[in-house]
K.L.:
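This is the structure I have questions about; it appears just below.
For the numbers below, each heavy atom of this structure counts, side chains included, while hydrogens, waters and symmetry mates do not.
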Amino acid sequence: MMYSRNNLNCAEPLFEHNNSLNINFDTQKKTVWLIHGYRPVGSIPSWLQNFLRILLNEEDMNVIVVDWNRGATTFIYSRAVKNTRKVAASLSGHIKNLLKHGASLDNFHFIGVSLGAHISGFVGKIFHGQLGRITGLDPAGPRFSRKPPYSRLDYTDAKFVDVIHSDSNGLGIREPLGHIDFYPNGGNKQPGCPKSIFSGIEFIKCDHQRAVHLFMASLETNCNFISFPCRSYKDYKTSLCVDCGSFKDKSCPWLGYQAKLFKDVLKERMEERPLRTTVFLDTSAYYFVLSIIVLDKTMTDGSFSFKLLNQLGMIEEPRLYEKNKPFYKLQEVKILAQFYNDFVNISSIGLTYFQSSNLRCSTCTYKIQSLMLKSLTYPERPPLCRYNIELKEREEVFLSPNTCTPKKT
């Protein structure tokens, strides 16, 4: 079923009866193929119409909704799994027809939900990985976990493959599949989803479908779903993965539609060392990083807490991802912090130092060479700095920061 800005509310067939191409299909524009997943009772996905509207609002493109409901509607899940190969074979015929009319594989972006993600991968295999992009939205796990690449979605199926995992311990798949794999909130239990089986069908599908709604939110809202390359969610939680230096002049990767901005650097990373890029984030948060360079040798075993004050007098304490970390002379220590509100006009930073219990000294002063606060959610904002700071243990100091002076080279 084909949609465009000329026929947003009513689908039209991609090809006419005489095999001519629909007049509304523009072979020069991007084409998004939207593929749903398992539909045990045959209902239409609740998110479908909104997804269409958001895509066509974002960009003037062709959108093709793949309706394979007859193959997906069965209470026997394994039967739907077998049908994914048949759907891919059928789609390949339509694609070959489009190519004859002048369309390009490079302009194709497949967005597959659950089983639809693996259908996208099978299509990619038929065309030897020449599709432009595949986005897997919580690819199905049952019958696909721990299977070889030819039996599921894989990064070799398109020139760029990005995957969002939102139910990796349930209906989704845990292992990374793409050039980049996003694990929001650890990729498992999603905030706001029911925690009890007594919630009915929502308990089963809420986490699984969250990947779809996060992708749509990346287009529909102003939120940058900034994510951090890391080996595990545990490492991410302990501030071991604040740096995104390997992404060069770009910020940390963004989940969703704009993940394409990182295509080139991700492919470079894959060529340099064939390791998957797994990234983690917590949703509904604004990220800041506080970088501190200490001067005092006695600050080898301590921790900091901080809060922000804006020009309206609002104070907010962050959720710190790392409370204790050893300090070494002139070593930069980075503390990742999450705020539930965005702070734009920061008037002061409230900083408190806590020495370890066996080294406490109420009269001692501790010297910090520099402090820098940077928004990771909005990296285009200039960082804020303070230099040559003295602290006393457990005494909160409010520091008025200034825009950082650039380093001399």
Side-chain angles (χ1 to χ4, degrees), residues 226 228 230 235-245 251-252 285-339 341-409:
I226 188 165
F228 301 88
C230 209
D235 283 357
Y236 153 77
K237 284 284 193 181
T238 51
S239 280
L240 295 178
C241 306
V242 177
D243 286 314
C244 296
S251 71
C252 298
Y286 297 93
Y287 288 104
F288 286 81
V289 62
L290 183 71
S291 303
I292 298 171
I293 298 179
V294 300
L295 282 171
D296 205 306
K297 289 181 180 179
T298 62
M299 299 174 76
T300 55
D301 187 14
S303 64
F304 287 102
S305 72
F306 77 100
K307 60 182 67 168
L308 299 183
L309 180 70
N310 70 10
Q311 292 178 344
L312 298 176
M314 289 177 57
I315 295 178
E316 184 165 352
E317 296 189 24
R319 173 181 164 192
L320 295 182
Y321 282 87
E322 175 62 61
K323 292 186 177 178
N324 292 287
K325 183 177 284 189
F327 301 114
Y328 301 98
K329 187 176 181 182
L330 286 179
Q331 179 182 336
E332 185 176 28
V333 175
K334 296 186 177 182
I335 303 171
L336 183 62
Q338 179 192 97
F339 288 85
N341 295 297
D342 187 21
F343 270 70
V344 182
N345 299 313
I346 298 169
S347 63
S348 61
I349 301 170
L351 186 67
T352 309
Y353 174 67
F354 301 89
Q355 186 66 290
S356 66
S357 57
N358 59 333
L359 296 172
R360 288 173 64 176
C361 173
S362 58
T363 59
C364 297
T365 58
Y366 301 93
K367 294 181 181 179
I368 295 174
Q369 184 188 63
S370 65
L371 172 153
M372 182 174 73
L373 182 73
K374 183 170 177 59
S375 170
L376 295 178
T377 303
Y378 299 102
E380 65 276 8
R381 294 178 187 169
L384 300 174
C385 286
R386 272 294 296 258
Y387 304 94
N388 302 318
I389 302 162
E390 285 194 1
L391 297 175
K392 287 188 176 180
E393 188 190 351
R394 296 178 180 267
E395 283 191 14
E396 186 174 40
V397 176
F398 280 89
L399 307 165
S400 299
N402 298 307
T403 302
C404 299
T405 53
K407 291 180 180 180
K408 294 180 181 179
T409 56

K.L.:
To the nearest 0.5 angstrom, please state how far the CD1 atom of Ile349 sits from the CG atom of Leu373.
P.N.:
4.5 Å

K.L.:
Mind checking whether Phe228 and Tyr287 have parallel, tilted or perpendicular rings, split at 30° and 60°?
P.N.:
perpendicular

K.L.:
How many angstroms lie between atom OG of Ser370 and atom CZ of Arg386, to the nearest 0.5 angstrom?
P.N.:
12.0 Å

K.L.:
First locate atom CD1 of Ile315, then atom OG of Ser348, and finally report the distance between them rounded to the nearest 0.5 Å.
P.N.:
7.5 Å

K.L.:
I'd like to know whether Phe306 forms a side chain to side chain contact (heavy atoms under 4.5 Å, CB included) with Leu371, so could you lay out the CA-CA distance, the side-chain angles of the two residues, the decisive distance to 0.1 Å, and finally the verdict.
P.N.:
CA-CA 12 Å; Phe306 77 100; Leu371 172 153; over 6 Å; no

K.L.:
Could you pull out the closest heavy-atom pair between Glu317 and Phe339, with the gap in Å?
P.N.:
C-CE2, 4.1 Å

K.L.:
Without swapping roles, check the side chain of Ser347 against the backbone of Asn310 for a donor-acceptor pair under 3.5 Å.
P.N.:
yes

K.L.:
Evaluate the criterion side chain to side chain contact (heavy atoms under 4.5 Å, CB included) for residue pair Tyr353 and Ile368; output intermediate values, then yes/no.
P.N.:
CA-CA 11 Å; Tyr353 174 67; Ile368 295 174; over 6 Å; no

K.L.:
Rounded to the nearest 0.5 Å, what separation is found between the CG atom of Leu384 and the CG atom of Leu290?
P.N.:
11.0 Å

K.L.:
Between Phe288 and Phe343 (judged by ring centroids, cut-off 6.0 Å), do the two rings come close enough to count as a pair?
P.N.:
no

K.L.:
Nearest 0.5 Å, what's the NZ-CD1 distance between Lys334 and Ile292?
P.N.:
12.0 Å

K.L.:
Quick one: CD on Gln338 to OH on Tyr286, what's the gap to the nearest 0.5 Å?
P.N.:
11.5 Å

K.L.:
Show every side chain to side chain donor-acceptor pair (under 3.5 Å) that has at least one partner inside residues 372-381, sequence neighbours left out.
P.N.:
Asp342-Arg381

K.L.:
Please confirm whether the backbone N or O of Thr352 pairs with a side-chain atom of Arg394, one donor and one acceptor, at under 3.5 Å?
P.N.:
no

